[in-house]
Amino acid sequence: MYNENADASPFNALPPVVIALAVILAGIEIIIQAGASGLVGGSQAVGWRLAALEDYAFSGLIWDQMLEKTYFPLEHMQRFVTYPFIHGNFTHAAFAVVIILAIGKAVGEVFSAVSFIAVFMVSSVVAALVYALVTNTPQPLFGAYPGAYGLIGAFTFLLWVNLAAVGANSMRAFSLIGFLMLFQLVFGLLFGGGYDWIADVAGFVAGFLLSFVVSPGGWGRVLAKLRKR
């Protein structure tokens, strides 16, 4: 028997805001890749990635200097919201897009488009602030991972509320972030790594806490479900 949905695009099942965010991230990386390959932009395009990292990645050292001088120019303040859209290489960007598509589906089907973007961007900003506060590294912060971990935080929030509502062990909701942190620890021990994990954890916490405010029903919904236990 023919299934009329067999030819449907798999992207139809994804909320538009999730697709839009993934397309923007992927589109920027594709343009940079095309420039590096000489397909667009001429000879200068080879350095687009380096120029983008210099102009748009978040730097804790620059932030410290701004605090010291109490001078906050827009060209550097914008780094809080631009760094998630610049990646170190194709693989770096591809994994970020995959995470956003996978987790974003579950979150985007419950959260409004505005709330979804708010979780991604606010988590990114908070992660950058924590990164600058906790570390003293010259290594800049870039990539969508802190924002993606914010979405994981929102996903964890949804699991936590639903598990609590049925009287199950709500701590099971944190299994995913526990696995990811364990994976990062093992990867760091085997291959070395920087302090990006601090920003990822901060993004997760920010996304989880922000969900109390921006999720449908907010804190009242959480209380109502907890009282039913």
Nearest non-hydrogen partners of [X] and [Y], listed with the distance:
| X | Y | answer |
| --- | --- | --- |
| L25 | A144 | CD1-CB, 4.0 Å |
| G207 | V119 | CA-CG1, 4.1 Å |
| A202 | A127 | CB-CA, 3.8 Å |
| L163 | R172 | CD1-CB, 3.9 Å |
| A128 | L141 | CA-CD2, 3.9 Å |
| V110 | P216 | O-CG, 3.1 Å |

Rounded distance [0.5 Å steps], [atom1] in [X] versus [atom2] in [Y]:
| X | Y | atom1 | atom2 | value |
| --- | --- | --- | --- | --- |
| Y83 | S124 | OH | OG | 4.5 Å |
| I177 | F208 | CD1 | CZ | 11.5 Å |
| I28 | H87 | CD1 | NE2 | 8.5 Å |
| L182 | S175 | CG | OG | 12.0 Å |

Taking C-beta and beyond as the side chain, do F116 and L21 meet within less than 4.5 Å on heavy atoms?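 Counting from C-beta outward, F116 and L21 do come under 4.5 Å.
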
Could you tell me whether the side chain of Y195 reaches within less than 4.5 Å of the side chain of V134, counting heavy atoms only? no

Under 3.5 Å, which donor-acceptor pairs do the side chains of residues 88-109 form with other protein atoms, sequence neighbours left out?
unit_1, atom_1, unit_2, atom_2, d
N89, OD1, T91, N, 3.2
N89, OD1, H92, N, 2.7
H92, ND1, G88, N, 3.0
K105, NZ, A13, O, 3.2
K105, NZ, E109, OE2, 2.6

Between F111 and F120 (judged by ring centroids, cut-off 6.0 Å), do the two rings come close enough to count as a pair? no

Indicate yes or no for a side-chain donor-acceptor contact from T70 to the backbone of L67 under 3.5 Å, with no hydrogens or angles considered. no

Strictly distance-based, threshold 3.5 Å: is any side-chain N or O of S37 a donor or acceptor partner for the main-chain N or O of L39?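 Not at all, since once roles are kept as given, no pair shorter than 3.5 Å links the two residues.
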
Pairs involving residues 67-77, ordered by first then second residue, that meet salt bridge (charged side-chain N to carboxylate O under 4.0 Å, His left out) (sequence neighbours left out): none

Where at least one partner belongs to residues 14-29, residue pairs that pass salt bridge (charged side-chain N to carboxylate O under 4.0 Å, His left out), sequence neighbours excluded: E29-R49

Please report the C-alpha distance between F204 and F174 in whole Å, then the side-chain angles of each, then the deciding distance to 0.1 Å, and finally whether the side chain to side chain contact (heavy atoms under 4.5 Å, CB included) criterion is met. CA-CA 11 Å; F204 170 82; F174 296 89; 4.1 Å; yes

Any residue meeting ring pair (Phe, Tyr, Trp, His ring centres under 6.0 Å) with W197, in chain and number order, not counting sequence neighbours: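 Result, ring pair (Phe, Tyr, Trp, His ring centres under 6.0 Å) vs W197: none returned.
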
Under a 4.5 Å side-chain heavy-atom rule over Ile, Leu, Val, Met, Phe, Trp and Tyr, are V46 and I30 clustered together?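 No; tracing contacts between hydrophobic side chains, which count when under 4.5 Å, never links both residues.
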
Cluster question for you: counting only ILVMFWY and a side-chain heavy-atom cut-off of under 4.5 Å, with indirect links fine, are F72 and V126 together?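 Result: yes, single cluster for both.
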
All N/O donor-acceptor pairs, side-chain side in residues 56-66, below 3.5 Å, sequence neighbours left out:
unit_1, atom_1, unit_2, atom_2, d
S59, OG, L61, N, 3.4
S59, OG, I62, N, 3.2

Counting only heavy atoms not in Y71, do more than 12 sit closer than 6.0 Å to its OH atom? no

Distance-only donor-acceptor hits, side chain of residues 146-159, under 3.5 Å, sequence neighbours excluded:
unit_1, atom_1, unit_2, atom_2, d
Y149, OH, Q184, NE2, 3.2
T156, OG1, I152, O, 2.8

Candidate list F142, Y145, Y131, test side chain to side chain contact (heavy atoms under 4.5 Å, CB included), partner D196, passing option: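 Only match with D196 under side chain to side chain contact (heavy atoms under 4.5 Å, CB included): Y131.
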
